[in-house]
Amino acid sequence: MGESPAIQTENLTKIYAGSGRLTHFAAFRKIPGGLIAPPRPPVHALEGLDLRVERGEIFGFLGPNGAGKTTMIRLLLDLIRPTRGKAAVLGLDAQRDAVALHRRVGFLPSELSLWRNQRADRILRYVASVRGDVPTLLAEANRLAERLALDTTRKVRTYSSGNRRKLGLVIAMMHKPELLILDEPSSGLDPLMQQTFYQLLREARAEGRTVFLSSHILSEVQTICDRVGILRDGILRAVESVEALTHVEFRRIRIRAREEIPAGCLENVAGVSEVRLQGRTAELQLHGDFDPLLRALSNFYIEDVRQHDPSLEEIFLAYYGDGSAVEQ
Ligand SMILES: Nc1ncnc2c1ncn2[C@@H]1O[C@H](COP(=O)(O)OP(=O)(O)OP(=O)(O)O)[C@@H](O)[C@H]1O
Ligand SMILES: [Mg+2]
């Protein structure tokens with residue numbers, strides 16, 4: 001066994017029904033005996049997702065806020081039900097076999113609620129007792145806590161948000177699950193702990209286990225993932241190896257000259273695109289080397305050059321132009 005993919009979805013779709021949840025008071029209509037919230041249109045959170053995640057890879061699910069990442073993860077874990085389509089996890093049906101799956105999957109939710117008045121080690125002991133082999137599980141939990149520099153003798157309410165996150169990670173990983181599903185795992189971890197955490201994920205991969213994580217931080221995905229899926233507005237726009245994605249990397253450049261930069265002088269310069277001229281400043285995208293750009297501006301007195309790494313959105317737009325969907 002084991003040749004089934006870690007995750008496979010087919011036309012997975014989630015439309016949240018329009019609701020009358022509270023928005024703002026002014027929008028409410030007064031009726032005898034109460035108030036009615038204005039109707040809300042349904043939300044197409046996920047549309048026709050076809051995705052295959054192989055065993056043993058670290059897969060990053062990348063997308064801006066509201067893209068549908070958490071929705072997808074909840075569907076995989078049967079915490080919500082799909083409108084259409086289906087998902088298989090470790091070869092089992094996400095919906096029908098949810099109970100069996102929960103034993104084999106480790107999950108870190110984006111917002112973790114824990115017993116605030118319990119000590120972390122008590123919580124770990126409780127989780128271990130539910131899962132089975134208590135001594136083995138606790139040994140692994142302690143090892144993980146140590147690696148993450150987490151003091152488990154304290155009550156959860158005394159934890160910083162980073163420490164709570166660490167406890168969540170220990171709970172997700174202590175049974176060495178075949179598949180780790182982590183929703184924005186490193187948010188709240190300091191840079192040093194992030195490195196430790198990445199190392200733990202690499203070790204899981206080395207043992208043949210699979211990691212599926214969501215993120216909106218490109219650098220994180222670049223550092224740790226083998227492949228990445230780009231989700232936007234509920235639609236999977238691309239699935240790429242991280243190598244291919246970083247290959248298209250470019251810089252955003254902002255240049256300020258002493259005199260006005262005339263239109264046209266940055267046309268047809270190798271590697272330069274998306275030029276926006278405004279008086280003495282030029283903003284542009286640069287692929288590759290600086291030299292052609294510097295030569296084109298050699299007659300100008302340049303006061304300032306700044307560059308910043310492109311946002312996910314910019315990379316995405318550069319990569320896929322009009323943003324049309326790309327075949328997997
Ligand atoms: N229970 C719900 N009812 C109605 N709409 C919802 C519900 N949960 C999520 N949504 C909507 O579905 C869309 C996708 O939300 P989701 O939480 O999956 O995004 P996300 O990619 O996880 O975003 P973030 O990066 O902010 O965590 C959003 O437009 C969100 O407002
Ligand atoms: Mg989310």
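Both counts, for ligands and for their atoms, begin at 1 and track the order of listing.
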Ion pair check, Arg276 and Glu274, cut-off under 4.0 Å
no
Compute the shortest N/O to N/O distance between Ala45 and ligand 1 and return yes if it is under 3.5 Å, no if not.
no
Establish, for the pair Arg258 and Tyr301, whether the NZ or CZ atom is under 6.0 angstrom from the six-membered ring centre and no further than 45 degrees off its axis.
yes
If we set the cut-off at 4.0 Å for heavy atoms, which region of Met72 has an atom near ligand 1: side chain, backbone, both, or neither?
neither
Is the distance from the Mg ion (ligand 2) to the nearest N/O/S atom of Thr71 under 2.8 Å?
no
Lys69 to ligand 1: N or O pair under 3.5 Å?
yes
Smallest heavy-atom separation, Ile224 atom then Tyr198 atom, equals CD1-O, 3.4 Å
With only distance considered, is Thr71 within less than 3.5 Å of ligand 1 through an N or O on each side?
yes
Is there a nitrogen or oxygen of Gly66 sitting under 3.5 Å from a nitrogen or oxygen of ligand 1?
yes
With atoms numbered from 1 as shown, which atoms in ligand 1 lie under 4.0 angstrom from a non-hydrogen atom of Glu184?
25 (O), 27 (O)
Using a 4.0 Å cutoff against the non-hydrogen atoms of Ala67, which atoms of ligand 1 qualify?
19 (O), 20 (P), 21 (O)
Going by an N to O cut-off under 4.0 Å, is there a salt bridge joining Arg154 and Asp121?
no
Could you report the tightest heavy-atom contact between Ala172 and Pro177, atom names first, then the distance?
O-CG, 3.4 Å
Mind checking whether Gly68 has a heavy atom under 4.0 Å from ligand 1?
yes
From atom 17 (O) of ligand 1, work out which of Leu75, Ile15, Thr70 has a heavy atom at the shortest distance.
Thr70
Please find the pair of heavy atoms, one from Pro82 and one from Leu12, that lie closest to each other, and give the distance.
CB-CD1, 3.8 Å
Could you check whether Arg209 pairs with Glu203 (Lys NZ or Arg NE/NH1/NH2 to Asp/Glu carboxylate O, under 4.0 Å)?
no
